[in-house]
Amino acid sequence: EGVPLLLETLRSTHRAGVAMALRTARELPGQTVTEALAKALAGLDPGRQGPLLSALADRGDAAVWPVIFNAARTGSKNLRTEAIGAIGRKGNAAGVAVLLDVMLENDLDLAQPVKVALARLPAERVDAELIARLPGSSGATRRTLIEMAGQRRLPNAVPELIKASHEADPALRAAAIKALGTTITQADLRAVTSLLAKANSAGDLANIEAALQEACTRLPDKADCADQ
């Protein structure tokens, strides 16, 4: 009897009752309760979906995560934002792939919530997923992954970044060269200096020089940088 009453109260127009129902949704034990609440989510008024999803995440029941992941991918903008926040808030590393999928949509409204959520997840899981996606990527997706690799300073991405520095797309080349400046190690320095002789344009040349300056500012062996 408790679950049907809870669902009825969640649908009511009485604000105090809804607030109490959301507290109960967090506290009432049992997987059957979780499943009933998750099933009811889609049928709620859009303004109630976000608060209920947050309550579901707080239950700590593994059964909620498929619902939350699906909401992050396909819900309304507000529900997606709530779901993305829940993944980060609860530190669910299984959500890394979901967050990267959303990030690669290049939706400006969702990009910042995704960045915040990713920052809360284990870095090694995020980095591994990002690097695994780079080789098979193309177009805008490839550019976003390259930019993320540079921002996260991932040396394991360097081989793919060097490949991308020879791409036909000038914007993609520029992104890859810039990322090399923040990712290469001392051992990779010669691979980047060799790009100077292969520069396709004055813009490429300027980007390569800026990347080398960035790299040599942070790399420890200044003598080696000078020799290169």
Shortest non-hydrogen contact from [X] toward [Y]:
X: E209; Y: L196; result: CG-CD2, 4.0 Å
X: T13; Y: R48; result: CA-NH2, 4.1 Å
X: L110; Y: P113; result: O-CD, 3.2 Å
X: T185; Y: P155; result: CG2-CB, 4.1 Å
X: K115; Y: M103; result: CG-CE, 3.4 Å
X: A117; Y: I84; result: CB-O, 3.5 Å

Only distances under 3.5 Å count here; give the side-chain donor-acceptor pairs of residues 36-47 to other protein atoms, sequence neighbours excluded, each with its distance to 0.1 Å.
| unit_1 | atom_1 | unit_2 | atom_2 | d |
| --- | --- | --- | --- | --- |
| D45 | OD1 | G47 | N | 2.9 |

Counting C-beta onward and ignoring hydrogens, is there a side-chain heavy-atom pair between [X] and [Y] closer than 4.5 Å?
X: E82; Y: Q49; result: no
X: H166; Y: N200; result: no
X: L145; Y: L104; result: yes
X: R218; Y: I184; result: yes

Atom pair [atom1] ([X]) and [atom2] ([Y]), whose distance is rounded to the nearest 0.5 Å:
X: K178; Y: I208; atom1: NZ; atom2: CD1; result: 15.5 Å
X: T81; Y: D109; atom1: OG1; atom2: CG; result: 7.5 Å
X: T144; Y: Q151; atom1: OG1; atom2: CD; result: 9.5 Å
X: S54; Y: R89; atom1: OG; atom2: CZ; result: 4.0 Å

Pairs meeting criterion ring pair (Phe, Tyr, Trp, His ring centres under 6.0 Å) with involvement of residues 58-116, two or more places apart: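 Sorted pair list: W65-F69.
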
Residue pairs passing the ring pair (Phe, Tyr, Trp, His ring centres under 6.0 Å) test where at least one lies in residues 172-213, sequence neighbours excluded:
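Applying ring pair (Phe, Tyr, Trp, His ring centres under 6.0 Å) to every pair that reaches into residues 172-213, excluding sequence neighbours, yields nothing.
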
[Y] backbone acceptor or donor facing [X] side chain under 3.5 Å:
X: R173; Y: E167; value: yes
X: T183; Y: V158; value: no
X: Q186; Y: D221; value: yes
X: R59; Y: Q31; value: no
X: R80; Y: R73; value: yes
X: T182; Y: A179; value: yes
X: N207; Y: G203; value: yes

Do D61 and L56 pass the side-chain contact (heavy atoms from CB on, under 4.5 Å) test, and can you show the C-alpha distance, the side-chain angles, and the key distance before you say yes or no?
CA-CA 8 Å; D61 189 331; L56 281 167; over 6 Å; no

Next on the checklist: Are V116 and L100 connected into the same hydrophobic cluster when the rule is that any two of I, L, V, M, F, W, Y join if their side-chain heavy atoms are below 4.5 Å apart?
Outcome noted: no

**Prompt:** Is it the case that more than 12 heavy atoms not belonging to Q213 sit under 6.0 Å from its CD atom?
**Reply:** no

Contacts satisfying salt bridge (Lys or Arg N to Asp or Glu O under 4.0 Å) that involve residues 186-195 (not counting sequence neighbours) are none

Please, which pairs that meet salt bridge (Lys or Arg N to Asp or Glu O under 4.0 Å) have at least one residue in residues 9-30, sequence neighbours excluded?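 Residue pairs with at least one partner in residues 9-30: R26-D58.
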
Could you give the side-chain donor-acceptor pairs of residues 129-141 under 3.5 Å, partners two or more places apart or in another chain?
| unit_1 | atom_1 | unit_2 | atom_2 | d |
| --- | --- | --- | --- | --- |
| E129 | OE2 | R133 | NE | 2.9 |
| E129 | OE2 | R133 | NH2 | 3.2 |
| R133 | NH1 | D101 | OD1 | 2.8 |
| R133 | NH2 | A97 | O | 3.2 |
| R133 | NH2 | D101 | OD1 | 3.1 |
| S137 | OG | L134 | O | 2.6 |
| S137 | OG | R142 | NH1 | 3.3 |

- Take V67 and E35 through the side-chain contact (heavy atoms from CB on, under 4.5 Å) test and state the conclusion after the steps. CA-CA 10 Å; V67 176; E35 291 170 352; over 6 Å; no

* Name the one of I87, V98, L79 that satisfies side-chain contact (heavy atoms from CB on, under 4.5 Å) with I68? ->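 So the option named by the test is I87.
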
* side-chain contact (heavy atoms from CB on, under 4.5 Å) assessment of T9 paired with T24 -> CA-CA 11 Å; T9 307; T24 303; over 6 Å; no

* **D107/K77 ion pair, N-O < 4.0 Å** => yes

